[in-house]
Each structure stands twice: as structure tokens, then as C-alpha cells.
Amino acid sequence: MYVFKAAVVGAGTMGGEIAQVIASAGLDVVLKDVDQKFVDQGLEKAEQVTQGQLGGLVKKEKITQEQADQQQKEILGRIAGTTGYEGFGDVDFVIEAVPEKMQVKQAVFQELDAVTPGHAILSSNTSALSISEMAETTSRPDKVVGFHFFYPASVMRLIEVIEGEETSEETMQSALNFAQQIRKQPIRCVEAPGFVVNRILNSAVSEIWRVRDDEDVDVKEIDKLVSDSGAAPMGPFFLADLLGLDTVLHVAEHLNESFGDRFYVSPKMKELVEAGNLGQKTGKGFYEHGN
Ligand SMILES: NC(=O)c1ccc[n+]([C@@H]2O[C@H](COP(=O)([O-])OP(=O)(O)OC[C@H]3O[C@@H](n4cnc5c(N)ncnc54)[C@H](O)[C@@H]3O)[C@@H](O)[C@H]2O)c1
């Protein structure tokens, strides 16, 4: 199936940029959140990213400023923000990007099942939850699939396309094609804990979290060491703050439950999450962000 129009549900850390990726590939996209304030934040994020990308092309003299202005208008004009389900009646592909809580996701999938056309594929950007459990709440489990972007979605090329128990081969193929249509590199995954990337990433950062807690080292020192070494663009604590500590903690707990203590859950991170300090999105996590 070719996708002509898409929708993104949840305009948070991931949703705004996902909508921008789709719009800059030339497709119309609806961006929904529960409150206009969050929709506006998602749209602002899409505008910032578009400006940055087109500004870069102008700097390199690939396009003129007039072309950039025109393209920006066109890209942002393809994103329709909403707090309701207007505009979902003719979508072909939906990406759910609401918080990592099964109950919230299941409720959204039920609503999506009711408001989208029968042929539409319903996907989840979940980092660790079961696609099959979300699919169960719909009348079309064969058309439910995982579609896992990485942060920041406008930059990272990979998408994990995750096959649930009932996902049809036709849906998998359409999702793999759609990922390429929006200029990403898909890989197929089964519904294994952490899929591919988070399982590898967490096996490494787990040890760093453990050492920090055991030795009580300053997170800034560790982050500086990692980024100075060139092993990664930033250290694991600053990265966790950007990703959202609630999401990072949930993935860590899921891997720990699945594979045992070699995947460490940091009590310090748990403490921060329980206090509502989720990183950049709330202004405080391991760092102060001054939002
Ligand atoms: N943050 C990351 O780095 C990252 C990377 C890959 C995947 N993910 C996954 O993407 C999903 C979203 O993560 P996030 O970091 O963007 O979360 P977030 O908390 O930043 O944003 C979630 C948004 O969903 C909105 N929302 C809540 N209930 C809703 C509903 N019923 N309908 C519409 N909108 C609703 C919230 O208002 C919020 O704006 C999660 O499943 C997460 O695991 C996150």
C-alpha cells in the first residue's frame, strides 16, 4: 500500500519531529495531542527543525534563501495540528507516540480503530511495550505494527519495524516501504525485549549507570569523559535527560525483567522519575535544563 496521508498521535519529545519527517518527505500529516499547548509545542519543534535543515542547505549554497522560504512554507503547511480526531478519516498510516504506558496506548488504539478507515495501518513508536497487546484492542490486529524511531527523529535514520503476533506480511511490507518513503532505513524486528538497538545500547550504558551508583561519581564527569573520548556525541546521563527519564527507565526495567541483573535499573534514575524530574521535558533530571 502506498501512503498518501499519515497521522501522528502525541506531539511530545518524538511526535513533533516525526510529523516533520513525514511532511518534509512530501506527505500531508495530522498531529494530535490532548491539549493545544502540546500541539503548539510539537508544531514549533517541526518549524525549528525545518528551519535548521533548510538553513543548512542555504549555507552550503545548495538552495537559495527564497527557495528555503518557499519550501519551509510548503513543509509546515502539510502539518495540521489538532486536539480531536478531525482529519483522521482519510489517513493511510498512523504513528502513535503517546507515553510509554500500555493502558494509555490501548485506549488510543481503540479510538484509532474507530476513527480511521479500515485499510489504515496503525503503528506504535513504543520502545518496549508489546505490539500484540495494543493490537488486541482493535478489530484489525493484522494491520498493527511497531514503527520505532530514534531520538532525534529528524536526524536518526533508523526505524525498527516490529512484527506483532498477528501482524500480516502485507502490513510489514507496507511499513517497510513507508519508512523508505520518508527517507529512513528500516530493519525488521521480532517482538523481543528492547528490540535490537535498545538491547545493545542498554547493555553498554547499564554498566555506566551501575558504576555511577556504586562509586558515587558525578554524572557530569562521566558524561565529559565519554564525549571527550569521541565514543559518542554525548554522555549517557545527558542523553537520558534528552530522551526522557520515564521512557529510559521503562526500557531499563523491561530489559531487567526479561534478562535479569546484567541489565541494571538505577535507583537514582527511579528516584528522579518518582519526583517528576523527567529530564529536559520537565526542566530537570540529572541536569537542570532551564525550560
Ligand atoms: N523519547 C525518546 O527518545 C523515544 C525514542 C523512541 C521511542 N520513544 C517512544 O515514543 C513514545 C512517546 O515518547 P515521548 O518521549 O515523545 O513522550 P512524551 O512524554 O515527550 O510525549 C508524549 C505526548 O503524548 C501526549 N498524549 C498523552 N496521552 C495522549 C492521548 N491520549 N492522545 C494524544 N496525545 C496524548 C502527551 O500530552 C505528550 O505530549 C513512547 O512510547 C516512547 O517509548 C521515545
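We count residues from 1, following the sequence as given. As the structure is a prediction and not an experimental result, all values here were calculated from the model.
- Between Thr116 atom OG1 and Leu122 atom CG the span is 5.0 Å, to the nearest 0.5 Å.
- Between atom CD1 of residue Ile18 and atom CE of residue Met14 there is a gap of 4.5 Å, rounded to the nearest 0.5 Å.
- A 6.0 Å sphere centred on CD of Gln103 holds no more than 12 heavy atoms belonging to other residues, nucleotides or ligands.
- To the nearest 0.5 Å, atom OG of residue Ser168 and atom CD of residue Glu163 are 9.0 Å apart.
- Although no hydrogens or angles enter the test, the distance criterion places a donor-acceptor pair under 3.5 Å between the side chain of Asp33 and the main chain of Ala11.
- No donor-acceptor pair under 3.5 Å is formed between the side chain of Glu191 and the backbone N or O of Gly164.
- Taking both residues in full, the closest heavy atoms of Ala175 and Val145 are given as CB-CG1, 4.2 Å, listed atom of the first, atom of the second, then distance.
- Atom CD of Glu165 has 12 or fewer heavy atoms from other residues, nucleotides or ligands within 6.0 Å.
- Asn198 is listed as a side-chain neighbour of His148, based on a closest heavy-atom distance under 4.5 Å.
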For this session: Start with the C-alpha distance between Val144 and Glu166, add both sets of side-chain angles, then the distance that settles side-chain contact (heavy atoms from CB on, under 4.5 Å), and finish with yes or no.
Result: CA-CA 8 Å; Val144 176; Glu166 305 281 334; over 6 Å; no
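- Rounding to the nearest 0.5 Å places CG of Asn256 at 8.5 Å from OG of Ser258.
- Val21 and Ile121 fall within a single hydrophobic cluster, where Ile, Leu, Val, Met, Phe, Trp and Tyr side chains are chained together by heavy-atom contacts under 4.5 Å.
- Of the charged side-chain nitrogens involved, at least one lies within less than 4.0 Å of a carboxylate oxygen, so that Arg210 and Glu207 count as a salt-bridged pair.
- A donor-acceptor contact shorter than 3.5 Å links the side chain of Thr171 to the backbone of Asp142.
- Listed here is the closest heavy atom pair of Gln72 and Glu47: NE2-CG, 3.7 Å.
- A heavy-atom distance below 4.5 Å is found between the side chains of Gln48 and Lys45.
- From Glu96, atom CD reaches atom CG of Leu129 across 8.5 Å, with rounding to the nearest 0.5 Å.
- Between the side chain of Gln20 and the backbone N or O of Val49 there is no donor-acceptor pair closer than 3.5 Å.
- A donor-acceptor pair is defined here as one N or O able to donate and one able to accept, closer than 3.5 Å; such a pair exists between the side chain of Gln67 and the backbone of Thr64.
- Hydrophobic clustering (ILVMFWY, side-chain heavy atoms < 4.5 Å, transitive): Met1 and Met172 are in one cluster.
- Looking at heavy atoms from C-beta onward, Leu242 lies in side-chain contact with Met234 at the 4.5 angstrom threshold.
- Contact detail for Asp90 and Gly87: the closest heavy-atom pair is OD1-O, 3.5 Å.
- With contacts defined as side-chain heavy-atom distances shorter than 4.5 Å, the pair Val94/Phe109 does not qualify.
- Using a distance-only test at 3.5 Å, with no hydrogens or angles considered, a donor-acceptor pair links the side chain of Thr137 to the main chain of Met134.
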Exercise. When you look at Val29 and Val8, which way does the side-chain contact (heavy atoms from CB on, under 4.5 Å) test go after all the steps?
Worked result: CA-CA 7 Å; Val29 55; Val8 178; 3.9 Å; yes
For this session: Under the salt bridge (charged side-chain N to carboxylate O under 4.0 Å, His left out) rule, what do Arg188 and Glu169 come out as? Steps first, then yes or no, please.
Result: CA-CA 11 Å; Arg188 278 184 87 118; Glu169 184 52 32; 3.1 Å; yes
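- Taking every heavy atom of both residues into account, Ala23 and Ile79 meet most closely at CB-CG1, 3.6 Å.
- Looking only at side-chain heavy atoms (C-beta outward), Glu100 and Lys105 come within less than 4.5 Å of each other.
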For this session: Dump the intermediate steps for side-chain contact (heavy atoms from CB on, under 4.5 Å) on Gln280 and Tyr287, then the final yes or no.
Result: CA-CA 8 Å; Gln280 191 188 39; Tyr287 290 79; over 6 Å; no
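- Residues Leu27 and Val30 are members of separate hydrophobic clusters, defined by side-chain heavy-atom contacts under 4.5 angstrom among Ile, Leu, Val, Met, Phe, Trp and Tyr.
- Using the six-membered ring where Trp is involved, Phe147 and Phe149 have ring planes that are perpendicular, over 60° apart on the 30 and 60° scheme.
- Although no hydrogens or angles enter the test, the distance criterion places no donor-acceptor pair under 3.5 Å between the side chain of Glu160 and the main chain of Ile162.
- For the residue pair Pro236 and Val226, the shortest heavy atom distance occurs at CD-CG2, 4.0 Å.
- Note on Phe238 and Met156: separate hydrophobic clusters, where clusters join Ile, Leu, Val, Met, Phe, Trp and Tyr whose side-chain heavy atoms are under 4.5 Å apart, directly or indirectly.
- Rounded to the nearest 0.5 angstrom, Leu255 CG and His250 NE2 are separated by 10.0 Å.
- At least one side-chain heavy atom of Val98 sits less than 4.5 Å from a side-chain heavy atom of Val9.
- Formation of a donor-acceptor pair under 3.5 Å by the Thr83 side chain with backbone atoms of Gln36 is not found in this model.
- Relative orientation of the Phe178 and Phe93 rings is tilted, given thresholds of 30° and 60° on the angle between their planes.
- Between Phe88 and Tyr85, the two ring planes are perpendicular [angle over 60°; tilted spans 30° to 60°].
- By the 6.0 Å and 45° rule, Arg212 does not stack over the aromatic ring of Phe286.
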Exercise. Checking side-chain contact (heavy atoms from CB on, under 4.5 Å) for the pair Ile22/Ile95: CA distance, chi angles, key distance, verdict?
Worked result: CA-CA 11 Å; Ile22 296 169; Ile95 299 159; 3.8 Å; yes
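- In this structure, Ser227 and Pro233 approach most closely via the heavy-atom pair CB-O, 3.9 Å.
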Problem set entry | Residues Gln110, Gln106; criterion side-chain hydrogen bond (donor to acceptor under 3.5 Å, both in side chains); working and verdict | CA-CA 6 Å; Gln110 266 177 359; Gln106 283 184 330; over 6 Å; no
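- For Asp92 (side chain) and Phe4 (main-chain N/O), a donor-acceptor pair under 3.5 Å exists by modelled atom type.
- Contact annotation: the side chain of Asp213 approaches that of Pro267 to within less than 4.5 Å [non-hydrogen atoms, C-beta and beyond].
- Clustering ILVMFWY residues whenever any of their side-chain heavy atoms sit less than 4.5 angstrom apart, transitively, puts Phe237 in the very cluster that holds Leu249.
- Annotation: side chain of Asp246 is in contact with side chain of Lys281 (closest heavy-atom distance under 4.5 Å).
- The local environment of CD in Gln180 is crowded, with over 12 non-hydrogen atoms from other residues, nucleotides or ligands closer than 6.0 Å.
- In this structure, Arg140 contributes its side chain and Asp113 its backbone to a donor-acceptor pair below 3.5 Å.
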For this session: Could you walk me through whether Asn177 and Gln173 pass the side-chain hydrogen bond (donor to acceptor under 3.5 Å, both in side chains) test, one step at a time?
Result: CA-CA 6 Å; Asn177 290 344; Gln173 283 306 326; 5.1 Å; no
